Each structure stands twice: as C-alpha cells, then as structure tokens.
Asker: 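Before anything else, here's the structure in question.
What you are looking at is a predicted structure, and each value in this text was computed from that prediction instead of being measured. Order of the sequence lines fixes the chain letters, A, B, ..., with proteins taken first and strands second; residue numbering starts at 1 for each chain.
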Amino acid sequence: MTEEEMDSRNAKSAPSTGADGVAGVHEAVLEEIQRAVLADLRPVSALASSGILTLILMIFFAATGSAVAWYLGLGGFEALHAYQRALIFPALLIASWLAAVACAREMRPASGMRMGPIAVIFCATALPLVFLMALHNYSAQNFVTEGVPCLLLGLKVAIPTGVGMVLILRRGFVLDWSRAGFAAGALSGLAGVVMLELHCPNPKAFHAMVWHVAVVVVSAVLGFALGMIADRVRIRATL
Amino acid sequence: MPAPTAPDPEYSPGLKLLMRGYQQADDKAAKALIEQVSPRLRRYFWFQAFTRRFADDLLQETWMRVHRARHTYRPGAAVLPWIFAIARYTALDHYRRTRRVELREMQVEEMPDCPAPEAEFLREAHEMDKMLADLPEGQREVLVMLKVSGMSLEEVALATSSSIGSVKQRAHRAYTKLRDVLAVGGRRG
C-alpha cells in the first residue's frame, strides 16, 4: 500500500461536515465556548519575544548572583588569575544562557524546540571540566567541612532567585511546570555558582567541581520536584 | 498527496489575523477563530482513544486555556501549533486525571445511560483505532496531527516542541508500521 492510498483511507475515516454544523462539532458546544470566551473578552498585550524574556531572565540571574557576592566580598574573583577568569566566567555565562533560553521557551506554548538531553548532559559535564582545567590545586583536604558551607551559601542565593524566576515565569503560560521548574532551578543554581566564584577564595579544583556545581544540581532537582508537585496539585484541583 | 483536511494557503494568514483580533478583544474575530479551529481540535481529540469519550469537554477546556494564554501568542506566528500545543497538554492532563479517577473508582454492575455517540463517527474511529493500535503514542499523535487535523510538518514540529526531522522520522516509522499492518490485514482479508 502506498502513502497516497493510506492518505485516501485516512481521509475517508476523517469526520466530514455534518448536520451538526461545523465538521463534527455540535452547535451547542460551539455556542457554549463562544459564550464563555466572549463573556470575558478584554484586550491583552502580547508577551514579549523569547529573546527579550531570555534577556530579562539573564539580567535577573546576573544581578542576584553578583549583588550578593558584592555584598559578601569579591575574594574569589581576586584570587583567580586572568586565564582562570577567562575560562570560568564565560562557561557560566553559556550555561546560564542555555538555562534562560529553556526557561523562556517554557513560558509560551509552541515557542520552539526544547532543550534535549544532550544540552542537559553538556551543561552537567562542562562546568566540572572547566573547573578541573582552570584550577590546579587537587588537594581534597577538609573536603566536606569546607564544602558544606559553600553549598548552603549557594542555595541561600539560589532559592530566592528561584522564587523570582517563578514570578517571571508566571507572566507567561507554562504548560509543563516540571520542565519549567527544572530550567528555572538550574538558572537559579547558576546564580548561586556565580556568587560562589566571585566570593569563595578556595582554590581547590575538587571543591569547586563538587560543592559549587552541587548548587546547580540541587536547585534544578528541587525546581523539578516543586514543578511536579504544582502540576499534580493543579490536576487534583480539577478532579 | 493532498488530504481533504490539509491547510489551504489562504487559511493560515486568516487565522493569524483572527488571533490578533482576538487579542484585541474583537468579538467577531474570536467567534470566527473558534468556528474555524474547533473542528480540527475535535478531530484531534476524537481520533485518540483515551480522549474520544471526552472530545467535547476537552474542546471546551482547551478553549478556556487558550483564552487564559492568549497574551502568549506572538503576533505573526503560526496559530495552529500554538493552539495544538495547549490542546496536547489538555489531553495529557485529562489522561493523568482519568488515571487517578480510575485508580479510585469502583466498578458498578450496570452502566448508567449515557448519550450515544454518533454512530458514523464511532465506526470511523474504530477503523482508525485498529490501524493505529500498534503505534507508539508519539507516532500516533504525529499521524493524527498530520493526517486528521491537517497540519503541516512545520506546524506539528512547533506544536510538539520537536524538530521537523524528528516529526518526519516519527511519521515515516508510523507509515512503515501501518503499511505492514494493512498488508497483513489485506492478506488475511
């Protein structure tokens, strides 16, 4: 059987314009929809383009991360050599741009391809690799005792940033809150990492690879979980 | 291979203007948009087994969501993918909701009376069901959007947030499987 024959067979089984008005849709249903829509018809201004939304998210991300670091002190930035800065900060910028694009796409239905698993794997592996290349102190002394405070400090920045991200996301119409939560969590976590890179003077590679990157992982997972809960609550509310 | 439901070139720009009018609270544009898109949406729900019984309810729910989300439509962008992306999630939420209810509900001995669905529609849907039964959900959805709702490859790609290549691949795999199913059916018949 050829594609043409299959098309013709499909076409035969597709509903045609019937006695009930518009091809298979009952007049009563159509009228009810129109009545409901017209009852609440007000002009709306279109949401900004995805590029502008990405820019807004990036500005918010950069502002929170750097403002907290400025407040706490820029010891980390001062401790880094120029080549280390040139490796670490552009990598953070690229990862956060990817997360911001993913966030902006979740705000509008049919706004383009979603970030695939390759992008997520790239982000998850690129940052630790950059830290491994940029920092040359491979000591693991006081690994946990020095690491936990950094993780907590990063999360202290990531969580309020995440709340702000959600407020921005709510300006759009998110269809899948778990995906949106993951993207917003990752971006908020990256704000935490930016703050840590500016503030934390610890030069150990494993410290940054594990504890700094963990801020992104934890906040992305947290965002995903909260998004999933939000979706479930929304579905339960309509039961 | 033109299907009767394929979008005609005059149609899509019309939808864009209607959608713009809808955003600007033009009641005529809103009514016309609902009239023009509803048949495609209903077909989309009708030709998927798990949403068929609720096609009218889902149609209404989709329009309520479209109404709440109308500010997210970008003037000049394709309208059908935007609406169908919302419809997809309406169907998905319905599926999740139904599964929750099914897990809780008890079987009754006698089925309550319910309005009989249109016999012709049901026969057509069963015929389609038989053909689509073995297809994975992703391939079935792409096929319904392409061949039943009459969307283009680009529109389906946008509505499903995937690439055109991925849509083509899924459609091709679906055709291959359907071809096999129909060939086996033909030999038996």
Asker: If you measure from the Lys or Arg side-chain nitrogens to the Asp or Glu carboxylate oxygens, is any gap between B:Lys31 and B:Glu35 under 4.0 Å?
Answerer: no

Asker: Taking A:Asp231 first and then A:Arg234, would you say they form a salt bridge - that is, a charged N and a carboxylate O separated by under 4.0 Å?
Answerer: yes

Asker: Quick one: what part of A:Arg171 sits under 4.5 Å from any heavy atom of chain B, side chain, backbone, both or neither?
Answerer: backbone

Asker: Checking heavy atoms, do the side chain of B:Asp57, its backbone, both or neither come under 4.5 Å from chain A?
Answerer: neither

Asker: Quick check on B:Tyr22 against chain A: is it the side chain, the backbone, both or neither that has a heavy atom closer than 4.5 Å?
Answerer: both

Asker: Decide yes or no on salt bridge (Lys or Arg N to Asp or Glu O under 4.0 Å) for B:Arg140 and B:Glu137, but give the supporting numbers first.
Answerer: CA-CA 5 Å; B:Arg140 187 167 36 215; B:Glu137 185 52 44; 2.9 Å; yes

Asker: Just give me the residue among B:Asp93, B:Asp27, B:Asp26, B:Leu41 that pairs up with chain A most often, heavy atom to heavy atom, under 4.5 Å.
Answerer: B:Asp93

Asker: For residues B:Ser162 and B:Arg170, is any side-chain donor paired with an opposing acceptor at under 3.5 Å?
Answerer: yes

Asker: Quick one: does A:Glu106's side chain get under 4.5 Å of A:Trp177's, heavy atoms only?
Answerer: no

Asker: Mind ranking B:Ile83, B:Thr160, B:Val66, B:Leu59 by heavy-atom pairs under 4.5 Å with chain A and telling me who comes out on top?
Answerer: B:Leu59

Asker: What part of A:Leu175 gets closer than 4.5 Å to chain B, counting heavy atoms only: side chain, backbone, both or neither?
Answerer: both

Asker: Please look at B:Ala69 and chain A and tell me whether the side chain, the backbone, both or neither of the residue comes under 4.5 angstrom of a heavy atom of that chain.
Answerer: both

Asker: Identify which part of B:Arg65 has an atom lying under 4.5 Å from any heavy atom of chain A, answering side chain, backbone, both or neither.
Answerer: both

Asker: Please round to the nearest 0.5 Å and tell me the distance separating atom CD of B:Glu61 and atom OH of B:Tyr89.
Answerer: 15.0 Å

